[in-house]
Asks: 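Mind having a look at this structure? Questions to follow.
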Amino acid sequence: MTLDDLRVFVAVCRAGSLSAVARDLGCTQSAVSQHVKRLERETGVSLLERRPRGVVPTAAGRVLEAAAADGIAGLDLALRRLRDLAGGETGSVRVATGATTVRHFMADAIVDFRRRHPEVSLEFRTEGSSRACFDALTDSDLDLAWITLGPPVRGIEQRPVAELSWVLAVGADDPLADRAALLPGDLADLRLIRLPPNSTSAAQLDAACAELGVRFGSDTSVADWDTALLLAELGLGRAVVPALPGLRDTAPGAGLRLVPIPALRPLAVGWAVRHWDALTPPARTFADTVAARCRAALP
């Protein structure tokens with residue numbers, strides 16, 4: 001078997017289609033099939049099962065796919081890092097982030113890093129969730145992913161940077177706007193602007209509220225924290241959001257008020273990497289710069 005055989009096989013498993021992979025690679029479906037057949041001859045087992053709408057891996061195929069995917073991604077990353085190491089402090093740092101991560105967690109660090117390391121390229125890939133960041137980190141040659149920390153993920157190291165307390169974001173004329181802080185009982189039955197239920201931060205907020213016996217209702221849903229804050233500022237609802245770095249600096253001059261909810265368990269955020277010790281010097285420096293700037297901006 002060859003590395004190309006394994007690459008094609010992993011692509012087929014993920015696409016669920018020989019023809020789709022053939023289109024992506026600019027070759028024939030027969031050529032894609034030959035890669036899979038070579039693996040089946042080598043392993044002595046059937047790796048794909050044909051279905052009315054494509055193919056799926058067999059039990060043996062799933063074992064090979066998992067091992068091949070980890071090995072290929074690790075090898076690709078190692079080769080790029082070897083090239084970066086050979087170039088000294090040059091090279092690139094590739095980062096997966098959420099939709100609002102750069103604005104709230106990285107802006108000052110990027111300026112600082114760029115000033116100190118102008119020869120290093122910074123590349124950002126926006127993902128919609130921490131789960132998508134994990135997938136991107138596993139499936140590509142990304143160095144780092146900024147995530148909301150959650151349960152362990154196979155093959156990924158999660159490194160905490162900061163804990164974010166929760167606040168209730170409301171318009172300036174809201175009856176709760178002048179409160180110094182809110183108790184769990186104050187939150188009962190509030191109608192809130194909700195983050196997507198499949199996001200890690202929303203799941204952790206629900207868990208923190210459940211610990212206190214607090215239930216929220218919702219009549220509006222948004223995809224990110226910035227949209228929730230904007231709607232709250234416009235008086236279109238209330239939102240429980242993390243106290244993002246620098247956020248309080250923007251609130252006094254606007255129509256937004258942020259009321260602390262100290263009883264809720266904080267939200268942990270930080271870096272995800274495949275192997276922290278294998279990061280190139282520029283990637284490690286960038287990660288450390290973001291962490292330092294982020295911690296400095298928190299109360």
Asks: Quick one: pull up CD in E42 and CG in L64 and give me the separation to the nearest 0.5 Å.
Replies: 11.0 Å
Asks: Please name all residues satisfying side chain to side chain donor-acceptor pair (under 3.5 Å) with R295, sequence neighbours left out, ordered by chain then number.
Replies: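 If we apply the side chain to side chain donor-acceptor pair (under 3.5 Å) test to R295, skipping adjacent residues, there are no hits.
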Asks: Report the residues that fulfil side chain to side chain contact (heavy atoms under 4.5 Å, CB included) with P184, sequence neighbours left out, ordered by chain and then residue number.
Replies: L212, V214, A263
Asks: Answer yes or no: is there a side-chain heavy-atom contact under 4.5 Å between F124 and M106?
Replies: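 Yes - at least one pair of side-chain heavy atoms lies under 4.5 Å apart.
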Asks: Rounded at 0.5 Å granularity, tell me how far OG1 in T148 sits from CG in L267.
Replies: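 These two atoms lie 5.0 Å from each other.
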Asks: For P262, give me all partners under side chain to side chain contact (heavy atoms under 4.5 Å, CB included), at least two apart in sequence or on another chain.
Replies: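 In terms of side chain to side chain contact (heavy atoms under 4.5 Å, CB included), with neighbours along the sequence ignored, P262 is linked to A181, P260.
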Asks: Side chain to side chain donor-acceptor pair (under 3.5 Å) with D174: which residues, sequence neighbours excluded?
Replies: R238
Asks: What residues, two or more places apart in sequence or in another chain, satisfy ring-ring contact (aromatic ring centres under 6.0 Å, His included) together with F286?
Replies: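 ring-ring contact (aromatic ring centres under 6.0 Å, His included) list for F286, sorted by chain: F113.
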Asks: What salt bridge (charged side-chain N to carboxylate O under 4.0 Å, His left out) pairs are there with at least one residue in residues 275-293, not counting sequence neighbours?
Replies: D112-R293
Asks: With a sphere of 6.0 Å drawn around CZ of R191, does it hold more than 12 non-hydrogen atoms of other residues, nucleotides or ligands?
Replies: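 Counting other residues, nucleotides and ligands, CZ of R191 exceeds 12 neighbours.
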Asks: Could you tell me which non-hydrogen atom of I193 sits nearest to which non-hydrogen atom of A228, and how far apart they are?
Replies: CD1-O, 3.9 Å
Asks: Which pairs pass ring pair (Phe, Tyr, Trp, His ring centres under 6.0 Å) with one or both residues in residues 143-168, sequence neighbours excluded?
Replies: F105-W146, W146-W271
Asks: Run L279 and V273 through side chain to side chain contact (heavy atoms under 4.5 Å, CB included) and show every step you take.
Replies: CA-CA 8 Å; L279 286 175; V273 300; 4.2 Å; yes
Asks: Are L236 and V167 connected into the same hydrophobic cluster when the rule is that any two of I, L, V, M, F, W, Y join if their side-chain heavy atoms are below 4.5 Å apart?
Replies: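 They do share one cluster, since a chain of ILVMFWY contacts under 4.5 Å joins V167 to L236.
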Asks: According to a hydrophobic-cluster definition based on side-chain heavy atoms being under 4.5 Å apart (Ile, Leu, Val, Met, Phe, Trp, Tyr only), do V63 and V36 belong together?
Replies: no
Asks: Once rounded to the nearest 0.5 Å, what's the spacing between atom OG1 of T101 and atom CH2 of W225?
Replies: 6.5 Å
Asks: Identify whether L144 and V111 are in the same connected component of the hydrophobic contact network (ILVMFWY, side-chain heavy atoms under 4.5 Å).
Replies: no
Asks: Between F9 and E65, is there a side-chain heavy-atom distance shorter than 4.5 Å?
Replies: yes
Asks: Would the distance check show the side chain of Q204 and the main-chain N or O of A268 forming a donor-acceptor pair, the cut-off being under 3.5 Å?
Replies: no
Asks: When you look at S30 and T28, which way does the side-chain hydrogen bond (donor to acceptor under 3.5 Å, both in side chains) test go after all the steps?
Replies: CA-CA 5 Å; S30 175; T28 65; 4.8 Å; no
Asks: Quick one, L122 with H117, criterion side chain to side chain contact (heavy atoms under 4.5 Å, CB included). Give me CA distance, side-chain angles, the key distance, then yes/no.
Replies: CA-CA 10 Å; L122 290 175; H117 306 279; over 6 Å; no
Asks: Can you list everything that forms a side chain to side chain contact (heavy atoms under 4.5 Å, CB included) with T2? Sequence neighbours excluded, please.
Replies: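 With neighbours one apart ignored, the set is D4, D5.
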Asks: Would you check, one step at a time, whether the test side chain to side chain contact (heavy atoms under 4.5 Å, CB included) holds for V32 with V12?
Replies: CA-CA 8 Å; V32 171; V12 169; 3.7 Å; yes
Asks: Mind checking what makes side chain to side chain donor-acceptor pair (under 3.5 Å) contact with R125, not counting sequence neighbours?
Replies: E127
Asks: Considering all heavy atoms of both residues, which atom of V259 and which atom of A180 are nearest to each other, and what is their separation?
Replies: CG1-C, 4.4 Å
Asks: Starting at CG of L229, measure out to CG of L234 and round the result to the nearest 0.5 Å.
Replies: 11.0 Å
Asks: Are the side chains of L205 and C209 in touch, meaning some heavy atoms are under 4.5 Å apart?
Replies: yes
Asks: Can you name the residues that form a side chain to side chain donor-acceptor pair (under 3.5 Å) with R265, not counting sequence neighbours?
Replies: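 R265 satisfies side chain to side chain donor-acceptor pair (under 3.5 Å) with E211 only.
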Asks: Can you name the closest pair of heavy atoms from I156 and R274 and give their distance?
Replies: CD1-CG, 4.0 Å
Asks: Honestly curious: do I261 and L183 fall in one hydrophobic cluster under the side-chain, below-4.5 Å linking rule?
Replies: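 In one cluster with I261: L183, no.
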Asks: Less than 4.5 Å apart, side chain to side chain, heavy atoms only: is that true for L298 and L164?
Replies: yes
Asks: Let me check something: any side-chain donor-acceptor pairs from residues 45-59 under 3.5 Å, sequence neighbours excluded? List them with distances.
Replies:
residue: S46; atom: OG; partner: L48; partner atom: O; Å: 3.4
residue: E49; atom: OE2; partner: R51; partner atom: NE; Å: 3.1
residue: T58; atom: OG1; partner: S46; partner atom: O; Å: 2.7
residue: T58; atom: OG1; partner: L47; partner atom: O; Å: 3.4
residue: T58; atom: OG1; partner: A60; partner atom: N; Å: 3.4
residue: T58; atom: OG1; partner: G61; partner atom: N; Å: 3.0

Asks: For the pair D143 (side chain) and R94 (backbone), establish whether a donor and an acceptor sit closer than 3.5 Å, ignoring hydrogens and angles.
Replies: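 Side chain of D143 to backbone of R94, a donor-acceptor pair under 3.5 Å: yes, one is there.
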Asks: Write down the atom of L256, the atom of A169, and the distance for their closest heavy-atom approach.
Replies: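 It is CD1-CB, 4.0 Å.
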Asks: Using modelled atom types and a 3.5 Å cut-off, is there a donor and acceptor pairing between side-chain atoms of Q158 and backbone atoms of G270?
Replies: no
Asks: Could you go step by step and tell me if R103 and L244 meet the side chain to side chain contact (heavy atoms under 4.5 Å, CB included) rule?
Replies: CA-CA 10 Å; R103 176 195 300 271; L244 303 169; over 6 Å; no
Asks: To the nearest 0.5 angstrom, please state how far the OG atom of S201 sits from the CG atom of L195.
Replies: 5.0 Å
Asks: Indicate the atoms forming the closest heavy-atom contact of V170 with A177, along with that distance.
Replies: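 Heavy atoms of V170 and A177 come nearest at CG2-CA, 3.8 Å.
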Asks: What heavy-atom pair brings A96 and L142 nearest, and what distance separates the two atoms?
Replies: CB-CD1, 3.7 Å
Asks: To the nearest 0.5 Å, how far apart are CG in L168 and CG in L190?
Replies: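 Result: 6.5 Å between the selected atoms.
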Asks: S33: what forms a side chain to side chain contact (heavy atoms under 4.5 Å, CB included) with it, not counting sequence neighbours?
Replies: K37
